[in-house]
Amino acid sequence: MKRMSRLVLSCVLIVVLAVVSACSSNNSNEGATTPATESGAAVSGPVEITMARESEADVKYLPGESIDKNSVSDAIERDLGIKIKNVWVAETAQYEQKTQMSISSNNIPDLMAVTMAQLQQLIEADMIMDLTDVYEKNASAETKAYLTGDGGKQIESAKFEGKLMAIPQTNGPYGASTQVWIRRDWLKQLNLPEPKTMQDVLAIAEAFAKKDPGGTGKSYALPLTKDLLKDVTFDMRGFFNSYHAYPTQWIKDSSGKLVSGDIQPEMKQALKQLQDMYKDGQIDPEFAVKDLVKENELLATNKIGVVYGPFWLSAYPLLGNAVKDGKLVQDWWPYPITSIDDKPAKSQIELGVQKYYVVSKNSKNSEAVIKLLNKWVQAYTNPTETDKVYFLQNEEAVSYWKLSPIRVTSQTETILLGDTVPKAVLAKDPSTLTGVEAPNRYGKIMKYLDGEVGEWAEYPISGPDGAFSIMYDYLQKDLYHFNEFYGSPGTNMMEKRPVLEAKMSEVFIKIIMNQVSIDEFDKFVVEWKKLGGDAITAEVNEWYASASK
C-alpha cells in the first residue's frame with residue numbers, strides 16, 4: 001500500500017504539471033492543425049463510445065454539469081465527433097470491484113480502465129481487442145513518441161505475445177528513485193567533504209553519530225523504521241542499491257532468468273553493514289517498533305543528519321524540522337546515491353503504470369479510442385486556446401482533466417525540470433521556461449534566495465544540483481534500475497508472497513539488531529525457496545518467457 005502511495009503521489013505531481021502546463025496558452029501553436037486532422041483517420045460522423053467511469057471526489061462541476069454531461073464531453077464531440085456514453089459510474093473505492101463484476105458477467109463497455117490482473121483476465125477470456133493494427137494506423141507520431149519516452153517499457157507491458165492488448169495509463173516512473181539527504185550545516189561544522197562514494201557516506205554517518213554535532217548527548221547514523229523496506233519516505237532501498245542489491249525487485253541473472261533481489265548475496269553485504277552500524281551504536285535500538293513519525297522525531301531533535309528518501313523529502317517531513325521561526329535551522333541537501341565499489345550504483349524504480357485502457361472485442365469504433373488518446377496527448381503537450389476546456393481549473397470548475405476518457409501523463413516531464421530550472425536559476429533568467437510549473441518553481445527558488453525562508457523546500461528539489469538535477473543525471477547516465485517483472489501476480493505469488501515478506505522482515509530486522517548472526521541470511525534464502533519462493537520464481541519466469549516473445 002505504501003508503495004502504491006508513492007506511485008499515487010508521483011502521479012499527482014506529474015498530472016499537476018501536465019494540467020498547469022496545458023492550461024497555459026501557447027500562441028506559437030496557432031498554426032497547428034486542427035485536432036480532428038491530428039487524430040488520424042477521418043471521422044465520418046458522430047460515433048458513440050460506451051464507457052465505465054470512475055467518479056473522483058475532488059472534481060468540482062460547473063453548474064448543471066455532471067460526469068455524464070459536461071464541458072469536456074461536449075468538447076470531445078465538437079473536436080472529434082465522438083459521443084461518450086457512460087454505461088455505469090462508480091466512486092473510486094468501488095470502481096475496481098464494479099469493473100470485476102462487469103468482467104465476470106462478460107458485459108464490458110467499449111472502453112474502460114483496468115488493473116494489470118484484470119487485463120490478463122480479459123486476455124485469457126478473449127474479451128478485448130488486439131489494438132496492434134488500429135494503434136499503428138491511427139496513433140499520431142506525437143502520441144507514439146509520447147508513450148515511449150521511457151524507452152518503451154510501459155507500452156511493452158501492455159503487449160502479450162507481441163500484440164498490443166491495451167493502452168498503458170503512462171506516468172513518470174523516475175519519481176520513485178532515491179537520493180541520500182545530508183545536513184550540510186553539520187558537514188561544515190565537522191569540516192567533512194560532500195560524499196562521492198559509499199565509504200564517504202558511511203564515514204559521514206559515523207561522524208554524525210559519534211561527534212554529535214547536534215549536541216544532544218546521543219545521536220544516530222540513519223533513521224530506520226519498522227517498515228524497513230516498505231517505508232516510502234525514509235526509503236532505505238537507496239542504501240541497499242549502493243551495494244547493488246535490489247530488494248523487492250526481480251532482476252535478470254547471468255543465465256537470463258529472473259531471480260528475486262531479496263535473496264541475492266548483495267543483500268547480505270548491505271545487511272552486514274547495517275548490523276555493524278547497529279553494534280557500533282549508530283542505529284536507534286528502538287527502530288523496530290517505530291514508524292515514520294516516531295523516527296522523524298530523532299531528525300527534528302537534531303539526533304540524525306543522514307537519511308535516504310525521494311525527491312520530495314524536503315517538502316515532507318524535513319521542512320517541519322528545517323525551518324523554525326522564519327529561520328533555516330537544518331540545512332538538508334540531496335546527493336546522488338553512491339557505490340560501495342567501482343561499479344556505479346543504480347537507483348531502483350518500478351514500471352510506473354497503475355492501470356490499462358482496454359477496448360472490448362465487440363467495439364465497432366476502436367479507431368475512435370485512439371483518436372481520444374491522440375487528443376489528450378495533443379492538448380497536454382501542445383495546447384491551443386480552445387483546448388483550455390480540457391483542463392478547466394478555477395474557482396468554479398476543479399480537476400476537469402479527470403473527465404477526459406483517456407489520460408496518459410508524461411514519463412519524463414518531471415526530471416526534465418532538473419535540466420531547465422537550475423539553468424534558469426543560475427542565469428537568473430526565466431525566459432526559457434515554458435508552461436506554468438517551471439516558472440512557478442523558479443519563482444519560489446528566487447523568493448527563497450531573496451530571503452523568504454518559508455520557500456526553502458523548493459530549493460533542494462529543483463535548484464541547481466538539487467533532487468531533480470540528480471534525477472536528470474541518473475537518466476543521462478543510465479542509472480535507473482527497473483523491476484524486470486511487471487506482470488500480473490500469479491497464483492503462487494498471491495498466496496505465498498505475504499508469508500515470504502513477513503519472514504523476510506522478521507529475519508532482516510533480527511540481523512540488523514544483531515539478535516542473530518549475519519549467516520542467518522543464508523538460512524533465510526533456503527527457507528524462502530521452500531516456503532514458495534521457488535514456485536513463485538518459476539511462475540515469474542513463465543510470464544517473462546511469454547512477455548519476451
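Computed from a prediction, not measured in an experiment: that's the story for all the values here.
- Other residues, nucleotides and ligands place more than 12 heavy atoms under 6.0 Å from the NZ atom of K303.
- Residues Y243 and Q264 bring no donor and acceptor atom of their side chains to less than 3.5 Å of each other.
- The residues D473 and K477 are annotated as salt-bridged, a charged nitrogen and a carboxylate oxygen being separated by less than 4.0 angstrom.
- With rounding to the nearest 0.5 Å, the separation of CG in L328 from CG in D185 is 7.5 Å.
- Defined by atom type and a distance below 3.5 Å, a donor-acceptor pair is present between the side-chain atoms of E54 and T92.
- Taking the side chain to side chain contact (heavy atoms under 4.5 Å, CB included) definition, one finds that P213 meets it with W186, Q189, L190, F208, sequence neighbours left out.
- Remark: K196 NZ is loosely packed, at most 12 non-hydrogen atoms of other residues, nucleotides or ligands lying under 6.0 Å away.
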Next on the checklist: Run the salt bridge (charged side-chain N to carboxylate O under 4.0 Å, His left out) test on D519 and K268 for me, step by step, so that the C-alpha distance in whole Å, both residues' side-chain angles and the decisive distance to 0.1 Å come before the verdict.
Outcome noted: CA-CA 8 Å; D519 292 333; K268 183 177 180 180; 3.4 Å; yes

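- In this structure, the side chain of Y448 does not engage the main chain of G454 through any donor-acceptor pair within 3.5 Å.
- Using a cut-off of 4.0 Å between Lys/Arg side-chain N and Asp/Glu carboxylate O, K343 and D341 are scored as not salt-bridged.
- Annotation: side chain of Y380 is not in contact with side chain of W401 (no heavy-atom distance under 4.5 Å).
- To the nearest 0.5 angstrom, D291 atom CG is 7.5 Å from T225 atom OG1.
- For E96, the CD atom sits in a loose shell: 12 or fewer heavy atoms of surrounding residues, nucleotides or ligands are nearer than 6.0 Å.
- The line from CG of N241 to OG of S339 is 10.5 Å long, rounded to the nearest 0.5 Å.
- In this view, K423 and D419 satisfy the side chain to side chain contact (heavy atoms under 4.5 Å, CB included) rule, not counting sequence neighbours.
- Note that NZ of K523 and OG of S517 are 7.5 Å apart. Values are rounded to the nearest 0.5 Å.
- Checked against the 6.0 Å centroid threshold, W181 and Y308 do not count as a close aromatic pair.
- K252 and Y544 share a side-chain donor-acceptor pair at under 3.5 Å.
- Side chains of Y357 and Q169: a donor on one and an acceptor on the other come within 3.5 Å.
- Rounding to the nearest 0.5 Å gives a distance of 11.5 Å between CG of L449 and CD of E458.
- Heavy-atom neighbours of N191 CG from other residues, nucleotides or ligands within 6.0 Å: at or below the threshold of 12.
- Remark: side-chain polar atoms of S260 are not paired, donor with acceptor, to backbone N or O of W250 under 3.5 angstrom.
- Scanning all heavy atoms of the two residues, the minimum distance from M116 to Y486 falls at CE-O, 3.3 Å.
- At a threshold of 4.0 Å, the pair E56-R407 counts as salt-bridged, since one of the basic side-chain nitrogens sits closer than that to a carboxylate oxygen.
- A distance-only check finds a donor-acceptor pair linking the side chain of K324 to the backbone of G320 [under 3.5 Å].
- By the side chain to side chain contact (heavy atoms under 4.5 Å, CB included) test, K257 pairs with D253, S255, N541, sequence neighbours left out.
- Counting only N and O atoms by type, the side chains of D262 and Q249 include no donor and acceptor under 3.5 Å apart.
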Below 3.5 Å, can you tabulate the donor-acceptor pairs from side chains in residues 280-287 to any protein atom, sequence neighbours excluded?
from	atom 1	to	atom 2	distance (Å)
D280	OD1	K210	NZ	3.3
D280	OD2	K210	NZ	2.8
D280	OD2	Q282	NE2	2.8
D284	OD1	E286	N	3.0
D284	OD2	K290	NZ	3.0

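- When each of R184, E194, Q179 is tested with Y335 by the rule side-chain hydrogen bond (donor to acceptor under 3.5 Å, both in side chains), just one qualifies, namely E194.
- Taking the centre of each ring, W376 and F391 come in below the 6.0 Å mark.
- Contact between Y95 and K355 at its shortest, heavy atoms only, is CD2-NZ, 3.4 Å.
- Within a 6.0 Å sphere centred on NZ of K144, other residues, nucleotides and ligands contribute more than 12 heavy atoms.
- In this view, K153 satisfies the salt bridge (Lys or Arg N to Asp or Glu O under 4.0 Å) rule with no residue, not counting sequence neighbours.
- Closest non-hydrogen pair, V408 versus V377, comes out as CG2-CG2, 4.1 Å.
- Two residues are said to be in side-chain contact when any heavy atoms from C-beta on lie closer than 4.5 Å; L292 and Y316 meet this criterion.
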Between side-chain atoms of residues 502-514 and protein atoms elsewhere (two or more places apart, or another chain), which donor-acceptor pairs fall under 3.5 Å?
from	atom 1	to	atom 2	distance (Å)
E506	OE2	K510	NZ	3.4
N514	OD1	Q275	NE2	3.4

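- Once rounded to the nearest 0.5 Å, the distance linking OG of S177 with CD1 of I349 reads 7.0 Å.
- Residues A322 and W332 approach most closely at CB-CD1, 4.4 Å, considering heavy atoms.
- Using a 4.5 Å heavy-atom cutoff, the side chains of M267 and F240 are in contact.
- Annotation: W528 is not in aromatic contact with F521 [ring centroid separation under 6.0 Å not met].
- Each of Y442, Y174, F311, Y459 was compared with F468 under the ring pair (Phe, Tyr, Trp, His ring centres under 6.0 Å) criterion, and only F311 meets it.
- Heavy atoms from other residues, nucleotides or ligands lying under 6.0 Å from NZ of K402 number more than 12.
- Paired with V421 under the rule side chain to side chain contact (heavy atoms under 4.5 Å, CB included), one option of I461, L416, I445 passes, and it is I445.
- Across all non-hydrogen atoms, the minimal contact from A457 to L319 is CB-CD1, 4.2 Å.
- The backbone N or O of L147 sits nowhere less than 3.5 Å from a side-chain atom of Q154 that would complete a donor-acceptor pair.
- Scanning both residues, L224 and L228, for their nearest heavy atoms gives CD2-CD1, 3.8 Å.
- Judged purely by distance below 3.5 Å, without hydrogens or angles, the side chains of S219 and D212 pair a donor atom with an acceptor atom.
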